[in-house]
Amino acid sequence: ATHHLALQVEVGMSDRVVSRCRELLGDASVVGAARADLSRNGDVVILVDGGAGGVAGAATALGADKHLLSKLKRIYATGGGPGLVADASVCGDTSDALDDALRATLASLVDAGVSGGDAKVRARCFPPRTQKVILDALHSALDSQTNARGGGWETCARMDDATHVLDIVAVRGRAHVTVWRTDPRLHGVDLLKLLIRSCEDARKERDGSGAICRAFHKIEEATRRAGVVVDPAWRCVDVGAAPGGWTQWLCDNGLDEKKGGRVYAVDSAELGDFKRRLPPNVTHLKMRGEDAVGVVQKDGPIDLLVCDANVSPEAAAGIVAGFIPALKTGSTLVLTFKDATKGFAEWRRQMEDAVSMLTGKGFEPPSVYHLFSNCSREKTLVAKFAGGLSDGGKNKDSTTKKADPIDPQKATRDADRARLLLARSLAVFATMPGEFAEAHIKARGFNPPPNGSVRLVRGRLLKILSDEVLSESSWHEA
């Protein structure tokens, strides 16, 4: 499949990166992925198709989300376009065969990319194990060309010093080799370089934001994704506010005390360090959420209700529902669903029930995000309140929207796709070397069968993996 960029991320973040790429570039934008190794904390490379826009289109779309950029370890060019002067694939049935093929063809590809002139080449590789193979091949080629003509290209360690970049991404027996010029005057190259630089800038901005806690970035990302702009005059309630990350973000991003903007921070615990004192437009209510409803309601309707309390989805929805009498029509809810439950299946069930309950009480169908700032088992909901206070101060009748009818054709396609993916997975599993299977078994805290055949070891691993899936699936009944 055609692709233009390869995004290197941690395994635990890969599903969120894939989902976000599809949101920004379309459902067909992610065309493949591969892991560097089988470790739980390893890296994954995700192949992205920029469509008609190519590298420039993909770079422009991805660059719009700084939270996504902060999680990307490296971005490789893998497809054609202006400035991408050499683009080829090298194949090998095994890793050793692929390494040999790269050694044999790499120098000629680089020569074609730099057009035989003087150049400084920065080499970047995935997976990391190929780095030594690439550097050895390049250094050998450098020695040969120096003896032959006394000049030509050379390697360098920093992209800022390079005139060309050599990107090599090896995925399933195929190495995608791309040489591109770093000339910023070339359309596409300028955006690609900006995108690469923006990843580092996004990480520095996140680290230097002065946030009291990680939750600061969570509400920032949630409001950006949902298109929520905080009005300077909004009256906000932050339930479960301690240590104060969400309250801090609200004060730093739009609220103006002179225009009436303020935050009621509801939490019996102390708030964090707001430079020794709370901002004048923050009122800390040291009480439980349900006890604060009456206090908040006396001062007028609420424009924004946020809750990041460390409770189960069921409890969080119950706390939020208690504030409905104080909400204004069109007000916004930002709510975190945390895994404070007994297992993954229970967490999923409680999230679904919480969404149903909130829509039944007047909230519009929400957007639920797995943010880059969320934990692995944590999601954030954003919704508008449609059944709030009218001008006369009385609640409007809330209406529950009917669920969309199930499309039987789509359900059939989804089932067929699931069966196909399962068949492919089993086919790969059936050829797994015994050493790999034993390593997986030991990594999960179990002992491999003593003196067992490869088939027996694979069966033991399949049983362990099946048990893991059953324990985490929402349809599993204890």
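Position 1 is the first residue of the sequence; numbering continues from there. Hydrogens, waters and symmetry mates play no part in the numbers below; they use all other heavy atoms, side chains included.
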Side-chain touch Val306/Thr247, heavy atoms, less than 4.5 angstrom: no
Atom pair CG/CZ of Asp201 and Arg206 - distance to nearest 0.5 Å: 15.0 Å
Which heavy atom in Cys91 sits nearest to a heavy atom in Ala101, and how many Å separate them? O-CB, 3.7 Å
Output the distance between atom CZ (Arg16) and atom SG (Cys21), rounded to the nearest 0.5 Å. 13.5 Å
Indicate yes or no for a side-chain donor-acceptor contact from Thr94 to the backbone of Ala97 under 3.5 Å, with no hydrogens or angles considered. yes
Ignoring hydrogens and geometry, is there a side-chain-to-backbone donor-acceptor pair from Thr182 to Thr163 under 3.5 Å? yes
Donor-acceptor contact below 3.5 Å, side chain Trp347 vs main chain Ala340: no
Should we say atom CZ of Arg174 is surrounded by more than 12 heavy atoms from elsewhere, each under 6.0 Å from it? no
Verify whether one side chain among Asp49 and Ser29 offers a donor that lies under 3.5 Å from an acceptor in the other. no
What distance do Arg458 atom CZ and His440 atom NE2 have between them, rounded to the nearest 0.5 Å? 12.5 Å
Distance col, row Arg20:CZ vs Tyr369:OH, nearest 0.5 angstrom, shows 8.0 Å
Would you give the length of the straight line joining atom OG of Ser376 to atom CZ of Phe344, rounded to the nearest 0.5 angstrom? 9.5 Å
So which atom in Ala226 and which in Val382 form the shortest heavy-atom distance, rounded to 0.1 Å? CB-CG1, 3.6 Å
Write down the atom of Val311, the atom of Ala316, and the distance for their closest heavy-atom approach. CG2-N, 3.6 Å
Determine the minimum heavy-atom distance between Leu371 and Ala222, stating which atoms define it. CD1-CB, 3.8 Å
Within-4.5 Å side-chain heavy-atom neighbours: His164 and Arg122: no
Is it the case that the side chain of Gln248 and the backbone of Phe216 share a donor-acceptor pair, with hydrogens and angles ignored and the cut-off at 3.5 Å? no
Does a salt bridge link Glu200 with Arg203, judged by any charged N lying under 4.0 Å from a carboxylate O? yes
Do Leu5 and Leu62 make a side-chain contact, defined as non-hydrogen atoms from C-beta onward lying under 4.5 Å apart? yes
Between the main-chain N or O of Leu456 and the side-chain N or O of Ser453, is there a donor-acceptor pair closer than 3.5 Å? yes
Flag the pair Thr336 / Lys218 as yes when at least one side-chain heavy-atom distance between them is below 4.5 Å, and no otherwise. yes
Do the side chains of Arg103 and Asp100 get close enough for a salt bridge, i.e. N-O under 4.0 angstrom? yes
Are there more than 12 heavy atoms of other residues, nucleotides or ligands under 6.0 Å from atom CG of Asp93? no
side-chain contact (heavy atoms from CB on, under 4.5 Å), that's the test. Do Leu7 and Val45 meet it? Break it down for me. CA-CA 5 Å; Leu7 313 179; Val45 69; over 6 Å; no
Got a sec: does the CZ of Arg35 have more than 12 other heavy atoms crowding it under 6.0 Å? yes
Hey, does the side chain of Thr178 reach the backbone of Ala77 with a donor-acceptor pair shorter than 3.5 angstrom? yes
Have His176 and Thr78 got a donor and an acceptor in their side chains that come within less than 3.5 Å? no
If we count only N and O atoms by modelled type, under 3.5 Å, do the side chains of Gln350 and Thr341 hold a donor and an acceptor together? no
Look at the side chain of His370 and the backbone N and O of Cys375, then say whether any donor-acceptor pair between them is shorter than 3.5 Å. yes
Just verifying a value: how many Å separate Leu195 CG and Asp190 CG, rounded to the nearest 0.5 Å? 11.5 Å
Smallest heavy-atom separation, Ala33 atom then Arg172 atom, equals O-NH2, 2.7 Å
Can you check whether Glu378 reaches Asp339 side chain to side chain, under 4.5 Å on heavy atoms? no
Consider only side-chain N and O atoms of Lys384 and Thr332, and report whether a donor and an acceptor are under 3.5 Å apart. yes
In the structure I gave you, are the side-chain heavy atoms of Pro232 and Leu255 within less than 4.5 Å of one another anywhere? no
What I'd like to find out is whether the side chain of Leu72 reaches to under 4.5 Å of the side chain of Leu68, using heavy atoms alone. yes
Does atom NZ (Lys120) have a neighbourhood of more than 12 heavy atoms from anything else shown, all under 6.0 Å? no
Tyr76 six-ring face occupied by Arg124 cation (under 6.0 Å, within 45°): yes
Answer yes or no: does atom CG of Asp161 have more than 12 heavy-atom neighbours from other residues, nucleotides or ligands under 6.0 Å? yes
Chi angles and distances behind the side-chain contact (heavy atoms from CB on, under 4.5 Å) call for Ile75, Cys199: CA-CA 9 Å; Ile75 301 173; Cys199 293; 3.5 Å; yes
Do the side-chain N and O atoms of Asn374 and Thr380 include a donor-acceptor pair separated by under 3.5 angstrom? yes
Please test Glu352 against Arg349 for salt bridge (Lys or Arg N to Asp or Glu O under 4.0 Å), starting from the C-alpha separation and ending with a verdict. CA-CA 5 Å; Glu352 293 171 0; Arg349 183 194 68 78; over 6 Å; no
Minimum-distance pair of heavy atoms, taken over all atoms of Pro448 and Glu438: CB-CG, 4.1 Å
With a 6.0 Å cut-off (strictly less than), is the heavy-atom count around CD of Glu10, excluding the residue itself, greater than 12? no
Under 4.5 Å between any side-chain heavy atoms of Arg377 and Lys338, yes or no? no
Does Val11 form a side-chain contact (heavy atoms from CB on, under 4.5 Å) with Asn41? I'd like the steps, not just the answer. CA-CA 6 Å; Val11 170; Asn41 298 320; over 6 Å; no
Side-chain donor/acceptor of Glu221 to backbone N/O of Ser373, under 3.5 Å: yes
Show the numbers, then the answer: is there a side-chain contact (heavy atoms from CB on, under 4.5 Å) between Leu166 and Leu106? CA-CA 10 Å; Leu166 168 65; Leu106 198 57; 4.3 Å; yes
